[in-house]
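See structure below.
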Amino acid sequence: DAKTTQPPSMDCAEGRAANLPCNHSTISGNEYVYWYRQIHSQGPQYIIHGLKNNETNEMASLIITEDRKSSTLILPHATLRDTAVYYCIVIFRTAGNKLTFGGGTRVLVKP
Amino acid sequence: DSGVTQTPKHLITATGQRVTLRCSPRSGDLSVYWYQQSLDQGLQFLIQYYNGEERAKGNILERFSAQQFPDLHSELNLSSLELGDSALYFCASSSRGERGDPLSTDTQYFGPGTRLTVL
């Protein structure tokens, strides 16, 4: 599975959009981009995933560049409860595959 | 709430002891994964079971073992415990877990974890 690079931390103002970047320059054609977050020692929470196209759900939007070498997770209106560590994971054939968590981005939403 | 349950929530025990952690997957999910999260190692994959059979192994110590029962719940057994085994243990479940379809995607959903403290 391709390796990902994320900034170690970022701050965001409550009510504003949070844009979390992830670089995955060695991603291959069949690898998916997954995002999870972990709120203070709770179980990792699935957010969203995508292959090529941009995706949106009730939690977030995922923008994948055309060359698929990077992506951005967008939390449209950050709240204090969005303070967490966000993990970008690239995984091939997710069925039956383990998730490899890197360091993630520690996001602090400030009032 | 992911639908994955884990018991107990907290466990405090002594070195040399043996403990069992339990995981119930989401209804209908056939695959269970176990992960360990310690302060210095981050989240690490331990082992995966699919419909009762072991499918993949990660950095799981020989002192640790797991199994998945016919009702699909899983147990992680940790024996001869050491101080360094203190960690959060998470299980995750997914609906499939087969590697047959190269394009299949199968999201893993995590439980709330068991915090193990070895004194």
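Residue numbers start from 1 in every chain, and the chains themselves are labelled A, B, ... in the order their sequence lines are given, proteins ahead of strands.
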Which is it for B:Tyr35 and A:Leu99 under the side-chain contact (heavy atoms from CB on, under 4.5 Å) test, yes or no, and what are the steps along the way? CA-CA 9 Å; B:Tyr35 293 81; A:Leu99 297 173; 3.5 Å; yes
Quick one: side-chain contact (heavy atoms from CB on, under 4.5 Å) partners of B:Asn59, sequence neighbours excluded? B:Gln44
Whatever's closer than 4.5 Å to a heavy atom in chain A on B:Gln6 counts as neither
In one Ile/Leu/Val/Met/Phe/Trp/Tyr side-chain cluster, 4.5 Å: A:Leu80, A:Leu73: yes
Check B:Thr107 against A:Tyr36 and note the closest heavy-atom contact, atom names and distance. CG2-OH, 3.8 Å
Side chain to side chain donor-acceptor pair (under 3.5 Å) filter on B:Arg26, not counting sequence neighbours, yields B:Asp29
Which heavy atom of B:Gln37 sits nearest a heavy atom of A:Tyr87, and at what distance? NE2-OH, 4.1 Å
Does A:Ile39 belong to the same Ile/Leu/Val/Met/Phe/Trp/Tyr cluster as A:Val107, with side-chain heavy atoms less than 4.5 Å apart forming each link? no
Is B:Ile60 reachable from B:Leu21 through a run of hydrophobic residues whose side-chain heavy atoms are each under 4.5 Å from the next? yes
Taking the side chain as C-beta and beyond, is there a heavy-atom pair between A:Gln38 and B:Leu43 under 4.5 Å? yes
Looking at every heavy atom in both A:Tyr46 and B:Gln108, which two are closest together, and how far apart are they? CB-O, 4.3 Å
Can you say whether A:Gln45 sits under 4.5 Å from chain B via the side chain, the backbone, both, or neither, judging by heavy atoms? neither
May I ask whether B:Val118 and B:Leu11 are part of the same hydrophobic cluster, defined by side-chain heavy atoms of I, L, V, M, F, W, Y residues being less than 4.5 angstrom apart, directly or through others? yes
So, for A:Pro44 and B:Phe110, which heavy atoms are closest and what is the spacing to 0.1 Å? O-CB, 3.2 Å
Under a 4.5 Å cut-off applied to non-hydrogen side-chain atoms, are A:Gln42 and B:Phe90 in contact? no
Between A:Tyr32 and A:Ile74, is there shared hydrophobic-cluster membership here, with clusters defined by ILVMFWY side-chain heavy atoms closer than 4.5 Å? no
